[in-house]
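Step one of this worksheet: look at the structure below.
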2 protein chains.
Amino acid sequence: MLAKEEEHITNISYDSVIFGFNGKQLKILVLEYHNTGMFALPGGFVKKKESVDDAAKRGVRERTGLDKIHLEQFYTFGAPDRIDTEPVYNIARGLGEKINKDHWLLDRFISVGYYALLDYNKVKLTPDQFCDSINWYAIDELPKLMMDHKQIVDKALEALRANLERKLSSMNLLPEKFTMKELQTVYEVILDKELRRTTFQRKMLGLGILKRHEKLFTGAANKAPYLYSFDKNLVQSN
Amino acid sequence: MLAKEEEHITNISYDSVIFGFNGKQLKILVLEYHNTGMFALPGGFVKKKESVDDAAKRGVRERTGLDKIHLEQFYTFGAPDRIDTEPVYNIARGLGEKINKDHWLLDRFISVGYYALLDYNKVKLTPDQFCDSINWYAIDELPKLMMDHKQIVDKALEALRANLERKLSSMNLLPEKFTMKELQTVYEVILDKELRRTTFQRKMLGLGILKRHEKLFTGAANKAPYLYSFDKNLVQSN
DNA sequence: AAAAATTTGTGTATGATTTACGCATAGGTT
DNA sequence: AACCTATGCGTAAATCATACACAAATTTTT
């Protein structure tokens with residue numbers, strides 16, 4: 001069933017770019033609407049008495065099963081022509097509903113963009129009523145997204161990069177314990193450039209926020225790396 | 001006359017934090033509504049077919065007479081309780097208008113925040129129909145602002161500081177030509193800390209975006225400083 | 001006119017931080 | 001046991017920031 005006008009604020013939506021990291025690539029969650037072949041970012045509408053932040057959190061929770069995630073607002077997309085009515089008709093048709101020309105969902109929407117960083121392995125993907133599927137896609141292998149969702153992704157990536165150092169955004173992309181190499185790969189994939197191993201290690205250890213744990217024995221023919229975790233006591237504010 | 005519902009998108013507004021620099025202090029534009037004693041940021045509503053960016057630009061143009069200013073969107077304020085109905089009633093009363101409980105302006109508003117940097121001396125302040133006055137206030141001597149406008153200012157300042165180095169935001173706060181000392185003062189006032197003269201000068205010249213011009217003879221009993229300008233060819237993107 | 005006062009522009013020395021390189025060491029394979 | 005590979009860390013080189021100093025430029029004072 002389509003969202004009801006009387007419960008929501010018209011002309012306002014949110015879209016979320018949810019990043020995950022599979023050990024090699026940076027991925028984002030993309031969903032496919034029923035019977036339309038259309039791909040979109042997880043987004044939704046704001047209830048009358050709900051903050052935009054809460055609306056976005058609710059949307060992510062409903063779609064990933066994850067609670068207590070940190071969403072970062074990065075930009076608001078306010079162009080009057082960013083909305084295409086075609087996809088909306090398609091989605092409605094996919095749901096077996098009919099909508100009129102003056103339906104509120106066909107009007108323009110100003111969308112607040114959020115991004116989140118999740119531990120790829122912890123996310124249990126559960127397509128909701130609207131979607132055929134919800135899946136991780138590598139950011140350089142995205143399907144064609146509807147409307148301006150590709151621009152939203154680009155802008156989110158830009159914001160993520162800008163905040164990487166300042167906000168230690170990498171924290172939530174890795175499991176509790178990780179090797180220095182894994183951490184470095186996260187940085188390399190997000191920044192899309194290679195980093196010097198020794199420099200990186202020194203910088204990270206120099207921040208004084210990593211706790212060293214036991215070594216990780218993988219069975220590979222090499223020295224076993226230490227495992228580290230973020231010492232959340234030492235990571236102030238963010 | 002109050003803004004008309006039929007021309008605008010409901011529940012959406014913008015607020016702008018307009019920074020200027022008088023040579024000593026960082027200031028922002030604050031306006032006072034007719035007969036209310038209430039101070040607010042210049043803000044407004046979005047027309048049905050207008051982008052949010054354009055709405056904000058229009059608002060600033062109408063109030064400062066300045067065109068072609070660069071507005072930077074920094075945050076969207078989406079809490080459901082950020083709006084106080086009291087000020088709205090007051091503003092209406094100040095205009096001699098009466099509004100009902102269900103008037104669109106009394107509903108909740110999600111506000112997109114923008115900041116701009118202007119050359120203090122170029123701005124001709126022209127209060128519009130709603131306002132008694134529009135004036136520059138030093139950021140540490142602001143009057144009590146209505147609703148959550150103080151938080152909006154704080155957030156704008158935070159964004160300005162974070163972007164200062166990266167975006168050379170200082171560009172628009174100074175006249176075409178300026179001395180190194182003036183540029184340094186801008187940085188010092190925005191960052192709210194003193195900088196070392198020699199280090200600062202070296203860093204700025206090292207960026208390779210300053211053109212040196214003739215000297216400035218002020219009549220002071222000291223060596224005349226060079227005038228500089230930003231070489232816009234060399235300042236990429238921003 | 002010379003001296004004083006003041007501020008800019010730049011040279012140089014010192015210190016800190018980043019980057020580069022190398023290698024001992026640990027773990028695994030053959 | 002010999003060998004291969006990747007980590008962790010020592011150290012050198014290079015880069016960047018800071019401190020200090022001083023000459024040059026300008027007007028006022030003497």
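Below, read A as the first sequence line, B as the second, and so on, with proteins coming before strands; counting in each chain starts at 1.
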Among D/dC20, D/dC9, C/dT8, the nucleotide that comes nearest once only the side chain of B/Thr198 is considered
D/dC20
D/dT7 base to A/Lys223 side chain: any donor-acceptor pair below 3.5 Å?
yes
Could you please name the option among D/dT26, D/dC9, C/dT10 that lies closest to any side-chain atom of B/Phe217?
D/dT26
Does the distance from a Lys or Arg side-chain N to an Asp or Glu carboxylate O, for B/Asp231 and B/Arg212, drop under 4.0 Å?
no
Take the protein atom CD of A/Gln201 and the nucleotide atom P of D/dG10, then report the distance between them rounded to whole Å.
11 Å
To the nearest angstrom, the CG-P distance between A/Leu216 and D/dT7 comes to 11 Å
For the side chain of A/Arg202 and the base of D/dG10, is some donor closer than 3.5 Å to an acceptor across the two?
yes
With B/Phe178 as reference, evaluate B/Tyr228, B/Tyr226, B/Phe230, B/Phe21 under the ring pair (Phe, Tyr, Trp, His ring centres under 6.0 Å) test and give the passing residue.
B/Phe230
Check whether the side chains of A/Asn163 and A/Tyr115 place a donor and an acceptor atom closer than 3.5 Å, and report yes or no.
yes
I'd like to check B/Leu41 versus B/Tyr14 (side-chain heavy atoms, cut-off strictly below 4.5 Å). Are they in contact?
no
Pairing residues for B/Lys122 by the side chain to side chain donor-acceptor pair (under 3.5 Å) criterion, not counting sequence neighbours
none
Please tell me which of the listed nucleotides, C/dA26, D/dC9, D/dT26, lies nearest to the side chain of A/Lys215?
C/dA26
Ignoring hydrogens and angles, state whether a donor on the side chain of B/His70 or B/Glu72 is under 3.5 Å from an acceptor on the partner side chain.
yes
Rounded off to whole Å, could you give me the CZ-to-P distance for the B/Arg212 and D/dA25 pair?
13 Å
Sorted by number, the residues of residues 180-188 of chain A with heavy-atom contact under 4.0 Å to DNA chain C
none
Find the distance B/Phe200:CZ to C/dT8:P and express it as a whole number of Å.
12 Å
How long is the line joining OH of B/Tyr226 and P of D/dA25, in whole Å?
8 Å
From CG of A/Asn222 over to C1' of C/dA24, roughly how many Å is that when rounded to an integer?
15 Å
Confirm from the modelled atom types if A/Arg197 and D/dG8 form a donor-acceptor pair under 3.5 Å, side chain to base only.
yes
Upstream residue (5' side of DNA chain C) when A/Ala220 and B/Tyr228 are each assigned their closest nucleotide
B/Tyr228
Nearest to the A/Thr199 side chain among C/dT19, D/dT7, D/dT26, which nucleotide is it?
C/dT19
Take the angle between the ring planes of B/Phe39 and B/Tyr137 and call it parallel below 30°, perpendicular above 60°, tilted in between.
perpendicular
Grab the CG-C1' distance between A/Leu195 and C/dT18 for me, whole Å please.
13 Å
Length of the line joining B/Leu207:CG and D/dC16:C1', which is rounded to integer Å
13 Å
